[in-house]
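Notes follow the structure.
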4 protein chains.
Amino acid sequence: MKKREQQRQQTRATILSAAEHIYASNGFVQSSTQLIAKEAGVAHGTVFLHFQSQEKLILAVINVLGTDITTRIHESAKQSHSLADVLRTHLTAIEIHESIYSHLIMDMPQLPKEAQQTVIGIQSIIAHHFDQVLNQLKKEKQMKDLPISFIFNTWIGLIHYYLTNCGLFAPHGSVLAIYKDELILNFLKLLEVDKS
Amino acid sequence: MKKREQQRQQTRATILSAAEHIYASNGFVQSSTQLIAKEAGVAHGTVFLHFQSQEKLILAVINVLGTDITTRIHESAKQSHSLADVLRTHLTAIEIHESIYSHLIMDMPQLPKEAQQTVIGIQSIIAHHFDQVLNQLKKEKQMKDLPISFIFNTWIGLIHYYLTNCGLFAPHGSVLAIYKDELILNFLKLLEVDKS
Amino acid sequence: MKKREQQRQQTRATILSAAEHIYASNGFVQSSTQLIAKEAGVAHGTVFLHFQSQEKLILAVINVLGTDITTRIHESAKQSHSLADVLRTHLTAIEIHESIYSHLIMDMPQLPKEAQQTVIGIQSIIAHHFDQVLNQLKKEKQMKDLPISFIFNTWIGLIHYYLTNCGLFAPHGSVLAIYKDELILNFLKLLEVDKS
Amino acid sequence: MKKREQQRQQTRATILSAAEHIYASNGFVQSSTQLIAKEAGVAHGTVFLHFQSQEKLILAVINVLGTDITTRIHESAKQSHSLADVLRTHLTAIEIHESIYSHLIMDMPQLPKEAQQTVIGIQSIIAHHFDQVLNQLKKEKQMKDLPISFIFNTWIGLIHYYLTNCGLFAPHGSVLAIYKDELILNFLKLLEVDKS
DNA sequence: CATGAATGAGCGTTCATTCAT
DNA sequence: AATGAATGAACGCTCATTCAT
């Protein structure tokens with residue numbers, strides 16, 4: 001019987017989940033390991049049994065987050081043929097982890113270097129899809145002739161702006177759930193060339 | 001004689017200035033009152049004499065920042081007749097306080113609610129100018145027909161994205177000094193209607 | 001079949017040996033039971049199965065050490081007829097366990113009372129041989145007329161001084177290997193009566 | 001009025017004294033800053049206000065100790081013309097700080113490098129006086145022809161042996177108070193040349 | 001008004017010990 | 001008999017805040 005290993009993984013998962021929850025609520029920097037242990041219903045020391053240090057715990061949470069988001073984007077991207085598809089794929093993947101992703105973005109400068117790599121990883125994959133679809137549109141003259149990097153940054157900036165100001169845009173719930181469609185629609189309009 | 005009162009205000013100003021400097025370097029959350037007192041050359045307790053708590057001090061600094069930025073925008077806006085003027089006015093005002101403004105944006109969720117009001121205040125004034133100039137352009141059909149609020153958020157998001165990733169875009173210096181013109185130019189192109 | 005009991009003793013011996021090794025390297029106070037378990041290749045809990053507590057483990061290690069040293073002295077002492085022989089026997093026995101013996105001496109005040117008994121036991125046996133040979137020398141007027149206990153303490157003190165300052169005398173290796181002969185020679189000279 | 005500064009120094013002295021007391025009782029390694037704060041009757045944080053870290057506190061205590069001992073030796077040494085004088089000077093200086101000095105010797109390998117410098121400093125000064133007086137004796141052939149360093153180490157070893165085993169020699173009090181005279185007398189006998 | 005010494009709750013982390021498996 | 005996950009008290013240290021001077 002593997003009950004021991006099962007319980008171990010269970011506890012680890014509980015802590016990870018509690019941490020994710022706390023980080024989503026309070027941000028990474030403001031959350032104490034003490035609080036996470038309490039939320040997880042384990043002794044304070046147990047946190048350090050499974051994750052050697054606070055930093056490792058944060059990185060583990062971020063890693064889970066990053067892996068999940070990139071996987072989702074990857075899955076969805078198979079059917080993404082238009083720019084609209086790519087944008088929707090991006091937002092749908094993030095929406096699921098909205099609160100913690102928002103904190104990740106904001107706390108990033110205070111987080112370890114490895115954490116930044118995760119964010120960069122997420123953005124790389126979405127940038128890649130952006131690149132493909134925009135190059136095609138450019139060739140077909142169906143899009144304004146602007147540097148793709150600028151367009152990408154505009155998009156990311158827009159999304160991050162809504163996310164970091166969720167208190168403003170959606171005080172009690174998910175910003176993306178509310179604004180996703182509107183954001184995509186308007187962003188597409190912004191890029192399109194008038195066929196007059 | 002009001003020398004006493006003068007001295008008092010002088011000390012207050014010194015602390016405020018020191019805090020601004022420290023916050024610009026280290027961010028709001030990472031800075032200790034101890035360090036600020038040291039930077040100001042006053043006793044630690046003096047900080048709490050002028051500002052009841054750390055929170056109040058932070059709010060005071062943010063308030064000064066907000067006032068200065070809005071004033072500058074207000075001043076410049078008199079001569080701002082085109083969208084380009086408005087954008088430039090905005091960036092120039094922010095550029096002066098780039099470091100601390102960037103930290104303000106990033107630390108905001110960890111700051112008291114009142115801090116958000118200041119940021120909203122800054123954005124209100126620039127939004128107002130946006131509104132005026134964009135409505136005119138819309139009427140003249142020189143601009144895409146998109147909600148002004150969306151355009152505004154796109155612009156702010158873009159700027160904030162560059163500011164919060166200054167480490168990426170401008171590791172050793174001012175992001176805006178480098179990208180200001182490029183950002184304005186590209187953003188204008190994004191909005192313009194093709195006259196074909 | 002006593003295989004079960006055999007296995008048990010085997011495990012116990014493994015832990016004991018690992019503990020000895022770790023204590024020799026890091027000292028008694030600085031070593032964790034965790035580390036010892038790892039070194040022994042057993043689970044952490046197993047340590048406490050065989051030795052009820054850290055203290056008991058330390059005592060067991062010290063006991064093994066004491067037994068081995070006293071046995072060696074006892075063996076060698078059969079052929080020790082001169083003071084030089086006794087001194088050499090003493091140092092040779094200690095030299096084999098130099099590292100851990102040095103730590104034992106230094107950590108003693110922080111160790112349980114029983115630990116002191118072991119050290120006293122070691123010294124009793126060597127004191128006994130001292131006594132025998134020195135009494136003879138005294139009778140023969142070949143040695144200064146000093147209390148034997150004083151001479152004994154001087155010798156032990158000298159040796160312990162070299163051992164506790166091994167970092168000074170022999171930064172990379174065994175102090176006794178280097179100084180054994182010199183120490184014996186000089187100590188003998190110190191005791192001898194000038195035959196002028 | 002300098003009441004503030006006075007009180008500050010008072011508190012500092014209280015902590016230093018409490019630390020000295022605790023270190024003398026429990027040794028340096030076994031003592032917690034918590035306990036010292038309690039003993040001093042101040043808040044735990046206050047300890048770190050006056051001494052930045054545990055290490056600094058330990059070093060401060062050791063420094064006071066070292067300074068006092070070396071000063072005393074220096075003072076006494078003016079009238080020390082014979083070897084007996086030098087030995088007595090040495091022991092009298094140490095006797096005053098017997099317990100903490102004993103712990104210093106034993107905990108040394110676990111203490112910061114600077115702590116070792118203090119011990120070396122104390123021994124240097126006593127070594128210097130040893131050197132002077134022994135060279136003279138040697139010249140006059142009133143002493144055995146042994147390396148001065150060996151004699152010195154024998155003396156220090158002897159003293160340290162008594163100190164580190166105070167529990168054995170003097171369970172309830174000062175070892176040196178009891179054995180000082182005896183140790184000096186016997187050590188002198190050990191060195192003297194028989195004038196037969 | 002200004003000081004800065006003192007506070008004490010809080011932090012991340014370690015480790016001997018226990019106990020269900 | 002052996003495991004190793006879990007515990008919880010203790011550690012050194014930081015820092016916003018208070019208050020006697």
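In what follows, chains carry the letters A, B, and so on, assigned in the order in which the sequence lines appear, proteins first and then strands, with residues in each chain numbered from 1. None of these values were measured; they are calculated from a predicted model.
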Looking at residues 11-20 of chain D, who's got a heavy atom less than 4.0 Å off DNA chain E? D:T11
Starting at atom CD of B:Q9, determine the distance to atom C1' of E:dC1, rounded to an integer number of angstrom. 12 Å
Taken to the nearest whole Å, CD/C:E5 to C1'/F:dA1 is 11 Å
Which residues pass the side chain to side chain donor-acceptor pair (under 3.5 Å) test with D:Q116, not counting sequence neighbours? none
For DNA chain E, the residues among residues 25-56 of chain D that have a non-hydrogen atom under 4.0 Å from it: D:V42, D:A43, D:G45, D:T46, D:L49, D:H50
Side chains of A:V61 and A:I100: does their closest heavy-atom pair fall under 4.5 Å? yes
Any residue meeting side-chain contact (heavy atoms from CB on, under 4.5 Å) with B:Q9, in chain and number order, not counting sequence neighbours: B:E5, B:R12
Sorted by chain and number, sequence neighbours left out, side chain to side chain donor-acceptor pair (under 3.5 Å) with D:D107 holds for C:Q110
Throw together a table of side-chain donor-acceptor distances under 3.5 angstrom for residues 25-34 of chain C, partners on residues two or more places apart or in other chains.
unit_1, atom_1, unit_2, atom_2, d
C:S25, OG, C:H21, O, 3.1
C:S31, OG, C:G27, O, 2.6
C:S32, OG, C:L35, N, 3.1
C:T33, OG1, C:H44, NE2, 2.8

Side-chain touch D:K3/D:Q7, heavy atoms, less than 4.5 angstrom: yes
Please enumerate all residues that pass side chain to side chain donor-acceptor pair (under 3.5 Å) together with C:Y101, with sequence neighbours excluded. C:H160
Between P on E:dA5 and CD on D:Q6, what's the gap in Å once rounded to a whole number? 14 Å
In chain order, what residues pass the side-chain contact (heavy atoms from CB on, under 4.5 Å) check against A:A40, with sequence neighbours excluded? A:T14, A:I15, A:A18, A:V42
Set of side-chain contact (heavy atoms from CB on, under 4.5 Å) partners for B:V119, sequence neighbours left out: B:L104, B:M108, B:Q123
Nucleotide-level pairing of DNA chain E, given in dot-bracket where Watson-Crick and G-U pairs need both distances under 3.5 Å and | marks other strands: .||||||||||||||||||||
Excluding sequence neighbours, so at least two apart, what forms side chain to side chain donor-acceptor pair (under 3.5 Å) with B:E98? B:S174
Compile the donor-acceptor pairs under 3.5 Å between side chains in residues 47-60 of chain D and protein atoms, sequence neighbours left out, one pair per line.
unit_1, atom_1, unit_2, atom_2, d
D:Q52, OE1, D:K56, NZ, 3.3
D:S53, OG, D:K56, N, 3.2

Could you state the atom-to-atom distance from CG of D:L59 to C1' of F:dG12 in whole Å? 15 Å
Give a yes/no answer on whether the side chain of D:R8 brings an N or O atom under 4.0 Å of OP1 or OP2 in E:dA5. yes
